[in-house]
Amino acid sequence: MLSPKNLIRLIINTVIGVVLIFLWLHFVNLSEVYDHIKTADFKFLIIFLIAYLCATFFRSLRFKILLKRYNLAFKRIVFLTFLAQFLSFMIPIRAGEIAKGVYLSTFLKQNLPKTLTWVFIDRFLDFWVYILVAAILMVVLSISLPSVIGQGIIIATASFSVAAVLMILGQNLARKLANLLLPGFLKSFANTIIDQFSLLRLPVDHFASLILLTILAIISDSIVLLSVLLALGVNLNFIKVVFGNALITLTFLIPAAPGYVGSAEASGLVVLSGVLGLDPNLASSVAVLQHLLNLVILPTVGISSIYFLKFNLRLVWERLRNKN
């Protein structure tokens, strides 16, 4: 059993997913969505698989560089990344991140708050660069977004960038601000995060390699989306695909139901149709097909990773059960 807090979160997320599916159904014709998917050219899905594996490779290599002092085997990091993706997809209450932290804590004999912070820093890099990309392309493409979303992207970009600079280059100041502004029970946690951000205090060329690998991972994610678009006969400028993929990815910060049911369809419809101008039924076909492919690929690589890592998932359930 999950802790009461996590159980409530999961129930709320599931309700959100059901509501999103209900709303999505009001904007699409399911028979047209089905007809689009029936005509899909599945040879493009080879590109889907290759791009997905490349994205995982780049993120695993980035994590390898972050933890270079621990000499963790690259193959092990790849399978751990697969496992985290699978669990985050199936149980979107940070189960993947917790599993990654628990495994690293057990395997490397490090305390859990420390390893969870490593995972947080890795995810921070992803979302920081994603937000930067979204902000830059919003200007380059001159795409008109609702003012709330546009302003949100700008504010988030500035906030993440200031936080990154402060954590990496101004740790003493960050520590003073944390001790001054945060309540007592959060100070210790905040200081752990600040201390571990020293992982990013690297020579310029090493730090640049982290950013480059993140950009390559984002490009690979975008090729995943592009392959689904091409499979359904949609020719869209790749820069717009990158922008659309960035927006879709950022919507996953919103609480989601298990398997991202509802969230994947709603975000795909809003971004691909509302922002990029595709027909709503075609946009929904892209979202549904990509979702179905994820439902096949993620459990396959996730379960394989459990066997390779010989990881006891009960350790994760215990963490989720006891985390209040």
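Contacts of K38 classified as salt bridge (charged side-chain N to carboxylate O under 4.0 Å, His left out), with partners at least two apart in sequence or in another chain: D35. Remark: Q151 engages no residue in a side-chain hydrogen bond (donor to acceptor under 3.5 Å, both in side chains) (not counting sequence neighbours). By the salt bridge (charged side-chain N to carboxylate O under 4.0 Å, His left out) test, R175 pairs with D195, sequence neighbours left out. With sequence neighbours excluded, the residues that form a salt bridge (charged side-chain N to carboxylate O under 4.0 Å, His left out) with K43 are D41. With sequence neighbours left out, the ring-ring contact (aromatic ring centres under 6.0 Å, His included) criterion links F308 to F79. For V165, the side-chain contact (heavy atoms from CB on, under 4.5 Å) test picks out L169, with sequence neighbours left out.
The ring of F124 has its center closer than 6.0 angstrom to the ring center of F197.
No single ILVMFWY cluster, assembled from side-chain heavy atoms under 4.5 Å apart, contains both V162 and Y130. Hydrophobic clustering of Ile, Leu, Val, Met, Phe, Trp and Tyr side chains at less than 4.5 Å, counting indirect connections, keeps L250 apart from I155. Under the 4.5 Å side-chain heavy-atom criterion for ILVMFWY residues, a single connected hydrophobic cluster contains both I143 and I239.
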Can you list, pair by pair, the side-chain donor-acceptor contacts under 3.5 Å of residues 49-59, counting residues two or more places apart and other chains?
residue : atom : partner : partner atom : Å
Y52     : OH   : Q85     : OE1          : 2.7
T56     : OG1  : Y52     : O            : 3.1
R59     : NE   : D126    : OD1          : 3.2
R59     : NE   : D126    : OD2          : 2.8
R59     : NH1  : D221    : OD1          : 3.3
R59     : NH1  : D221    : OD2          : 3.3
R59     : NH2  : D126    : OD1          : 3.4
R59     : NH2  : D221    : OD2          : 2.6

Atom pairs and distances, side-chain donor-acceptor, residues 25-34, under 3.5 Å, sequence neighbours left out:
residue : atom : partner : partner atom : Å
H26     : ND1  : F22     : O            : 2.9
N29     : OD1  : S31     : N            : 3.0
N29     : OD1  : S31     : OG           : 2.5
N29     : OD1  : E32     : N            : 3.4
E32     : OE1  : N281    : ND2          : 3.0

Counting only pairs under 3.5 Å, give me each side-chain donor-acceptor contact of residues 204-218, with atom names and distances, residues two or more places apart or in other chains.
residue : atom : partner : partner atom : Å
S209    : OG   : H206    : O            : 2.4
T214    : OG1  : R62     : NH1          : 2.9
T214    : OG1  : L210    : O            : 2.8

Run the side-chain donor-acceptor check on residues 292-301: report pairs under 3.5 Å with partners two or more places apart or on a different chain.
residue : atom : partner : partner atom : Å
N294    : ND2  : Q290    : O            : 3.3
T300    : OG1  : V296    : O            : 2.7

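Using modelled atom types, no side-chain atom of S273 and backbone atom of V270 make a donor-acceptor pair closer than 3.5 Å. Panel note: side chain S227, backbone V224; a donor-acceptor pair is recorded below 3.5 Å.
Rounded to the nearest 0.5 angstrom, S305 OG and K310 NZ are separated by 12.5 Å. Note that CD1 of I136 is 11.5 Å distant from CZ of F243, once rounded to the nearest 0.5 Å. From F311, atom CZ reaches atom CG of L80 across 7.5 Å, with rounding to the nearest 0.5 Å. Put simply, CG on L272 and CG on L236 are 8.0 Å apart, with the number rounded to the nearest 0.5 Å.
Between S222 and F238 there is a side-chain heavy-atom pair separated by less than 4.5 Å. Taking the side chain as every heavy atom from C-beta outward, V234 and V228 never approach each other to under 4.5 Å. Between V286 and L225 the shortest side-chain heavy-atom distance falls below 4.5 Å. Between L247 and I153, some side-chain heavy-atom pair lies under the 4.5 Å cut-off. No side-chain heavy atom of F48 sits under 4.5 Å from any side-chain heavy atom of I223.
Here side-chain hydrogen bond (donor to acceptor under 3.5 Å, both in side chains) pairs that include residues 104-120, with residues two or more places apart or in two chains, are Y70-K114, Q110-K114, W118-Q196. Residue pairs that meet the side-chain hydrogen bond (donor to acceptor under 3.5 Å, both in side chains) test with at least one member in residues 71-83, sequence neighbours left out, are S60-T81, R76-Y103.
Atom CZ of F42 sits in a crowded spot, with more than 12 heavy atoms from other residues, nucleotides or ligands closer than 6.0 Å.
No hydrogens or angles considered: nothing links the side chains of S284 and E265 as a donor-acceptor pair under 3.5 Å.
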